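Below, all heavy atoms of this structure are taken into account, side chains as well, without hydrogens, waters or symmetry copies. None of the values given here were measured: they were computed from a predicted structure.
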Amino acid sequence: MCARFTLTQEEEALVETWGELGIEVSFDFFSHKPRFNVAPTQVHPILLAEREAFAVQPARWGLVNSWAKDAKRASRQINARSETVAESRAYARPFKRRRCLVPADGWYEWSGPKNHRQPYWIHRADREAFVFAGLFDIWYPKPEHPAVTFTILTQDSTESLASIYPRMPVVLPPDRLEAWLDSGNEDTESVLALLDLPPDDAFIAEPVSTRVNYVKNDDPDLLRVEQQPTLDLG
């Protein structure tokens, strides 16, 4: 499961990082500021295919299907299981034609007893940005007001991360981004084949401030490492 994540880079640095991944975008219609606690139902930029480039689209986290009568299920559709996404009533149609990329540079998971849950920030060792595999849909609460919403795909965690939580978001490597966004490819098997697990040492987990538990907190101090060693993922 992925219920909180981060995108902490400044806009200029983020564009440069994406450029190194072959993602050329413009923020002409969306101004990005660093986020340290992105939560369900909040607006976050997603990346869509646009001719031979990528388009930045503001979207609300928590997929609302185009056919939905209301947005009540949004908070329950923040994640889609990759193992069943192609057959799911909620996700099968977006999976075929409305795949997207969700930029991030880390996500949070909690571990430990219920009365003392320790949050961990899971990220690359170099803290550079990456992208989750996502799906989007367009819902019309009013005919003239389309609402773009998205969900993040999940899969079983790598062996090292499973000690924190059994599920993790699907992180796409740079060489599979265009294939994931290719809406012309509706072959389920070939699309699902893009969703491999990353190497077991691709991410590290650091214990961080319990202030992240509250969605109103969104500042760099959330990533302050608690006075305990980094979790051994070896």
Side-chain angles (χ1 to χ4, degrees), residues 1-7 30 32 35-49 55-104 106-111 114 117 119 122 130-157 161 164-172 180-183 185-186 188 191-192 194-195 212-218:
M1 181 176 182
C2 175
R4 304 281 181 83
F5 65 93
T6 62
L7 186 59
F30 188 86
H32 170 70
R35 294 295 312 277
F36 299 87
N37 198 7
V38 182
T41 74
Q42 293 181 350
V43 174
H44 183 75
I46 60 174
L47 303 178
L48 311 177
V56 179
Q57 170 66 55
R60 194 170 298 278
W61 186 17
L63 189 138
V64 181
N65 297 99
S66 58
W67 42 260
K69 295 181 179 179
D70 54 51
K72 291 180 179 179
R73 294 187 58 85
S75 61
R76 288 181 285 173
Q77 295 188 169
I78 61 171
N79 292 154
R81 293 179 66 91
S82 58
E83 298 87 346
T84 57
V85 67
E87 294 83 31
S88 166
R89 179 173 181 265
Y91 304 124
R93 288 174 64 184
F95 174 73
K96 281 190 173 183
R97 297 189 177 183
R98 288 183 167 173
R99 299 185 293 271
C100 68
L101 307 175
V102 182
W107 71 94
Y108 296 106
E109 289 295 355
W110 283 255
S111 184
K114 290 184 179 181
R117 301 284 284 173
I122 302 170
F130 48 84
V131 292
F132 299 136
L135 309 175
F136 75 99
D137 212 341
I138 304 174
W139 178 56
Y140 287 84
K142 295 182 180 179
E144 68 277 13
H145 295 295
V148 181
T149 63
F150 72 94
T151 189
I152 296 170
L153 269 68
T154 65
Q155 60 189 355
D156 286 339
S157 290
L161 294 179
I164 298 178
Y165 197 80
R167 304 286 295 178
M168 66 176 287
V170 175
V171 178
L172 286 170
W180 175 253
L181 292 180
D182 181 8
S183 60
N185 182 8
E186 297 186 17
T188 298
V191 175
L192 288 176
L194 301 171
L195 308 180
V212 74
N213 297 349
Y214 302 95
V215 296
K216 67 179 181 179
N217 296 327
D218 188 2

Review point. Is there a donor-acceptor pair under 3.5 Å between the side chain of Arg35 and the backbone N or O of Ala104?
Key: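 Pair absent, no side-chain N/O of Arg35 close to backbone of Ala104.
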
Does [X] reach the side chain of [Y], with side-chain heavy atoms less than 4.5 Å apart?
X	Y	answer
Arg167	Asn79	no
Thr149	Arg60	yes
Arg97	Glu186	yes
Val85	Leu192	yes
Trp61	Gln42	no

Review point. Among Val102, Ile122, Leu153, Ile152, which residue meets the side chain to side chain contact (heavy atoms under 4.5 Å, CB included) test with Pro169?
Key: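 The single option meeting the side chain to side chain contact (heavy atoms under 4.5 Å, CB included) with Pro169 is Ile152.
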
List the atom pairs, donor and acceptor, that lie under 3.5 Å between side-chain atoms in residues 62-72 and the rest of the protein, sequence neighbours left out.
from, atom 1, to, atom 2, distance (Å)
Asn65, OD1, Gln77, NE2, 3.4
Asn65, ND2, Ala90, O, 2.5
Asp70, OD1, Lys72, N, 3.0

Quick check: closest heavy atoms across [X] and [Y], and the distance to 0.1 Å?
X	Y	answer
Gln57	Leu48	CB-CD1, 3.8 Å
Gly134	Trp180	O-NE1, 3.4 Å
Ser82	Leu195	CB-CD1, 3.9 Å
His44	Leu7	CE1-CD2, 3.7 Å
Leu172	Leu101	CD1-CD2, 3.7 Å
Val131	Pro103	CG1-CA, 4.0 Å

Check your understanding: Can you say whether the rings of Trp110 and Tyr108 are parallel (under 30°), tilted (30 to 60°) or perpendicular (over 60°)?
Key ->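 Trp110 vs Tyr108 ring planes: tilted.
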
When rounded to the nearest 0.5 angstrom, what distance separates [atom1] in [X] from [atom2] in [Y]?
X	Y	atom1	atom2	result
Ile46	Phe132	CD1	CZ	14.0 Å
Ser183	Arg99	OG	CZ	7.0 Å
Asp137	Phe150	CG	CZ	13.5 Å
Thr188	Glu87	OG1	CD	7.0 Å
Phe136	Thr151	CZ	OG1	13.0 Å
Asp218	Arg4	CG	CZ	10.0 Å

Point to revise | Ring centres under 6.0 angstrom apart (Trp107, Tyr165) | key: no

